[in-house]
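Everything numeric here is computed off the predicted structure, so don't read it as measured data. Order of listing sets the numbers, starting from 1, for every ligand and every atom in it.
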Amino acid sequence: MAIEKTFSIIKPNAVKKGVIGDIIKQFEENGLKISAMKLGLISKEKCELFYAEHRERPFFGELVQFMTSGPVVLLCLAGENAILKNRDIMGATDPKKANAGTIRAKHGDNVGENAVHGSDSAASAARELAIFFDKHEICN
Ligand code: CMP
């Protein structure tokens with residue numbers, strides 16, 4: 001199977017709790033390698049662009065407010081079947097519905113503050129990686 005790349009964000013609530021290491025360990029133990037990584041704040045403009053598909057949803061303002069409220073970790077993850085694998089490792093969007101042992105079950109607080117984001121398709125992964133990383137910042 002081909003090696004895929006996907007995009008992940010460790011969200012402000014997880015950074016604040018000090019579980020960056022635990023989350024990265026979970027990616028690595030499941031065969032996902034880090035191809036790029038940055039820690040920092042994201043701008044409101046980039047955040048609105050990133051979540052553009054949710055612009056009309058009632059939670060959009062709250063989502064952007066939360067995602068720009070503190071530092072996040074931006075990641076490019078690589079591995080076999082990386083997009084689906086990452087979604088399995090994260091668990092369901094709502095931490096209450098996420099399988100035991102998944103990142104969201106362990107570290108998510110609620111559906112908005114759900115600890116991590118992960119791309120849902122190859123097209124999303126390419127779009128999302130391009131928003132936050134220049135090509136030369138991604139290692140193979
Ligand atoms: P994420 O994977 O980052 O993609 C979109 C985000 O919107 C999602 O995770 C949730 O954090 C957030 N979200 C989805 N549904 C709701 C909701 N009903 N209320 C608040 N936030 C939501």
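- Close contacts between ligand 1 and Lys11 involve ligand atoms 1 (P), 3 (O), 9 (O), 11 (O) [criterion: under 4.0 Å to a heavy atom].
- Contact check for Phe7 versus Asn86: no side-chain heavy atoms found under the 4.5 Å cut-off.
- Looking at Glu113 next to ligand 1, no N or O pair under 3.5 Å apart turns up.
- Below 3.5 Å of separation, one finds an N or O of Tyr51 facing an N or O of ligand 1.
- In this structure, Asn114 and Lys11 have side chains that are in contact, with non-hydrogen atoms separated by less than 4.5 Å.
- Of the polar atoms of Arg57, none of the N or O atoms is found under 3.5 Å from an N or O of ligand 1, judged by distance alone.
- Comment: Glu137 engages Lys38 in a salt bridge, judged by a side-chain N to carboxylate O separation of less than 4.0 angstrom.
- Taking every heavy atom of His54 and a limit of under 4.0 angstrom, the matching atoms of ligand 1 come to 5 (C).
- Taking the six-membered ring for Trp, Phe60 and Tyr51 have ring centres at least 6.0 Å apart.
- Within the 4.0 Å heavy-atom criterion, neither part of Ile9 lies near ligand 1.
- Residue-to-ligand polar distances place Gly112 within reach of ligand 1: an N/O pair is separated by less than 3.5 Å.
- With Pro71 as the fixed residue, the side-chain contact (heavy atoms from CB on, under 4.5 Å) test singles out one of Ile10, Ile42, Leu41, Ile20: Leu41.
- The aromatic rings of Phe59 and His54 sit tilted, their planes meeting at an angle between 30° and 60°.
- Of the residues listed (Thr93, Asp94, Asn99), the one engaging Arg104 in a side-chain contact (heavy atoms from CB on, under 4.5 Å) is Thr93, and it is the only one.
- What sits closest to atom 10 (C) of ligand 1 on the protein, heavy atoms only, is Val111 O, 3.1 Å.
- Between Lys85 and Asn30, the side chains place no donor N or O within less than 3.5 Å of an acceptor N or O (distance only, hydrogens not considered).
- Residue Arg104 has at least one N or O atom closer than 3.5 Å to an N or O atom of ligand 1.
- Closest to atom 1 (P) of ligand 1 among all protein heavy atoms lies His117 ND1, 3.4 Å.
- Of the listed residues (Phe66, Phe59, Phe60), the one carrying the non-hydrogen atom nearest atom 17 (C) of ligand 1 is Phe59.
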